[in-house]
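Counting convention: from 1, in listed order, for ligands and their atoms alike. Just the heavy atoms: all of them, side chains too, but no hydrogens, waters or symmetry mates, feed the values below.
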Amino acid sequence: MLIIMSAWISVFPTILLAPPKHMWTLATGQGFLITLFSLSWMFLADFNFANSLFLIDKISGPLTILTCWLFPLTMLASQSKMRLEPINRQRTYILNITFLQLMTLLAFTTPDLMLFFIFFEASLVPTMIVITRWGAQERRLEAGMYLAFYTMLGAVPLMIWITKFYSVHGSLLPTLTHTLHITQASTNYPGLFWATYNAAFLIKLPIYCLHLWLPKAHVEAPIAGSMVLAGTLLKLGGYGILRTSPLLQENSLSQTLPIMLIAILGILATALLCLRQTDLKSLIAMSSVSHMNLVVAAVLISSPWSYSGAMVMMIAHGLTSSALFCLANTSYERTNSRTMILLRGTLMIFPLAGAWWLVIVLLNMGLPPSINFTGEMLIMISLYSWSPLAFLIVALNLIFTTAYTLYVLWTTQRGPLPNHIKTLFPYQIREHLLLLLHILPGLLLILNPELIF
Ligand SMILES: *[C@@H]1O[C@H](CO)[C@@H](O)[C@H](O)[C@H]1NC(C)=O
């Protein structure tokens with residue numbers, strides 16, 4: 001594992017020393033190489049590895065692989081826009097993305113809660129730099145501020161909980177504390193304590209009501225920022241909850257019922273909000289919030305099925321929403337607009353891209369053989385066994401999801417062709433490859449879903 005980390009660190013000197021002409025090729029190539037290397041290592045270790053520095057198990061393994069996989073894809077996606085910038089800016093961009101990659105990888109693999117906290121918070125810095133320096137519009141500063149403020153707000157109670165946990169149990173290793181008998185003084189408001197301790201993770205996911213930073217950050221971020229944000233950073237929150245929930249005694253459902261209600265409401269409300277978006281990126285961000293609230297609901301039920309549902313959902317969502325952002329970016333690079341109504345009728349000039357839209361949007365909706373469907377089904381079944389009423393309410397989400405899926409397809413693909421998009425340059429092989437590499441792992445996982453259960 002240390003070798004893999006050193007391999008990721010070796011991207012830094014490559015970028016610093018690379019001749020300007022070959023920098024992107026080298027970064028992408030090395031990214032792919034290290035990813036394949038990490039993947040084969042993970043499979044050889046069979047998702048089971050623990051020493052004093054790293055811990056890989058069924059929760060962190062799939063997320064680590066997802067993080068590794070997305071790095072070369074972000075490199076592929078950012079090339080065309082970034083190439084126009086001065087060389088030093090390109091360098092710092094790649095360096096910052098690599099730094100972000102390293103922080104997330106370390107956060108996923110560290111066995112120690114304090115180190116996890118540190119890397120979790122450290123990932124904020126490169127994200128904020130990428131959004132505020134390379135974002136497209138002036139409001140990027142506001143987006144960066146929202147991001148920092150929300151993250152810091154959640155960090156304080158988490159910090160307090162971790163120190164208290166350490167002073168009571170004398171250890172911060174979850175593997176060790178699993179075997180300890182954890183006793184906590186019972187409190188008057190147990191659910192409230194659960195929510196405040198987990199606030200950092202709930203904000204990162206984000207749960208409805210605390211999600212305001214996400215659409216802003218997504219709309220302003222450059223493509224690599226959006227991909228990493230949707231693909232891995234949101235998953236840090238889910239990973240944190242899954243990791244710490246066995247350590248918190250007061251996580252029984254009757255006590256956290258208000259949170260559950262917010263999550264269920266959030267699933268519906270954000271799916272409905274998607275129908276009212278005019279901005280393509282903010283629509284995708286809203287649909288992420290909807291999916292992530294399903295994860296919150298699944299984690300709250302805390303049965304084995306709902307945990308695997310949450311895992312599958314996170315992996316599937318990481319791949320599809322990142323692919324959706326790439327697609328949105330390909331239209332954005334051509335028309336410089338994210339407004340959906342201005343992108344109408346592209347099916348006529350880009351039929352193959354139309355096919356990508358169809359496939360990816362259907363995956364996002366959870367079409368049956370896909371792993372998105374598997375995740376959703378597992379979560380729905382555990383919801384049903386908890387409360388049929390909750391199941392019925394969340395089932396409405398399926399209708400709304402279908403509705404906004406159709407809305408996206410119809411507004412971006414159909415309709416009369418506006419004059420300004422008749423003279424666009426065609427899709428490049430790089431972009432097709434990028435989308436294919438997003439979908440391929442999802443399709444392969446259909447064959448062997450045990451990998452992420
Ligand atoms: C990230 O970008 C900032 C500003 O462009 C730069 O000062 C910093 O060195 C970069 N970080 C890394 C790790 O390269």
Side-chain angles (χ1 to χ4, degrees), residues 2 4-35 38 64 67-68 70-110 115-152 155 204 213 216-233 236 325 329:
L2 211 52
I4 290 181
M5 285 303 162
S6 341
W8 282 108
I9 292 174
S10 76
V11 177
F12 288 110
T14 314
I15 303 308
L16 285 173
L17 300 175
K21 225 173 113 193
H22 301 295
M23 192 169 63
W24 285 97
T25 335
L26 274 175
T28 319
Q30 193 173 4
F32 271 117
L33 207 65
I34 301 173
T35 302
S38 323
T64 316
T67 318
C68 291
L70 283 180
F71 175 77
L73 300 189
T74 52
M75 289 290 123
L76 264 186
S78 352
Q79 287 185 12
S80 63
K81 257 257 144 78
M82 281 296 150
R83 277 228 167 112
L84 308 175
E85 300 210 344
I87 184 73
N88 279 337
R89 262 175 82 94
Q90 294 182 26
R91 269 214 174 105
T92 43
Y93 181 79
I94 306 186
L95 287 179
N96 270 302
I97 302 267
T98 318
F99 185 64
L100 177 58
Q101 167 79 0
L102 206 62
M103 286 300 122
T104 8
L105 269 185
L106 284 170
F108 278 135
T109 49
T110 181
L115 282 178
F116 170 68
F117 175 75
I118 292 172
F119 293 131
F120 177 81
E121 297 299 328
S123 67
L124 168 72
V125 179
T127 321
M128 221 177 97
I129 293 178
V130 166
I131 291 178
T132 49
R133 275 206 75 174
W134 284 276
Q137 303 160 42
E138 275 147 46
R139 303 192 67 181
R140 61 182 188 261
L141 293 178
E142 195 185 315
M145 218 154 71
Y146 265 67
L147 178 66
F149 183 74
Y150 270 84
T151 313
M152 286 303 149
K204 253 285 142 54
W213 63 273
K216 275 187 194 297
H218 270 313
V219 166
E220 303 302 326
I223 172 64
S226 291
M227 284 171 67
V228 176
L229 205 56
T232 51
L233 286 184
L236 270 179
F325 277 116
N329 187 54

Report task. Ignoring hydrogens and angles, tell me if any N or O in the side chain of R83 forms a donor-acceptor pair with the backbone of S80 under 3.5 Å. Result ->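 No: the side chain of R83 does not pair with the backbone of S80.
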Query raised in the report: L95 heavy atoms, cut-off 4.0 Å: which ligand 1 atoms fall inside?
Result: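 Contacts of ligand 1 toward L95, numbered from 1: 14 (O).
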Query raised in the report: Which of the atoms of ligand 1 are close to R133, meaning less than 4.0 Å from one of its heavy atoms?
Result: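 What qualifies from ligand 1 is 4 (C), 5 (O).
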Query raised in the report: Of all heavy-atom pairs between L84 and Q90, which one has the smallest distance, and what is that distance?
Result: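 Closest pair (atom of L84, atom of Q90, distance): N-NE2, 4.4 Å.
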Query - Considering all heavy atoms, the nearest I223-S78 contact - result: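 Reported closest heavy-atom pair: CG2-CA, 3.9 Å.
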Query - Heavy-atom nearest option to atom 10 (C) of ligand 1, drawn from L102, T92, T132, N96 - result: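 Selected option, by shortest heavy-atom distance: N96.
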Requested in this report: Indicate whether atom 5 (O) of ligand 1 is within a distance of less than 4.0 angstrom of some protein heavy atom.
Outcome: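 It does: a protein heavy atom is found less than 4.0 Å away from atom 5 (O) of ligand 1.
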Report task. Decide yes or no for F32 and L76: does some side-chain heavy atom of the first lie under 4.5 Å from some side-chain heavy atom of the second? Result ->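 In short, these two side chains touch, coming nearer than 4.5 Å.
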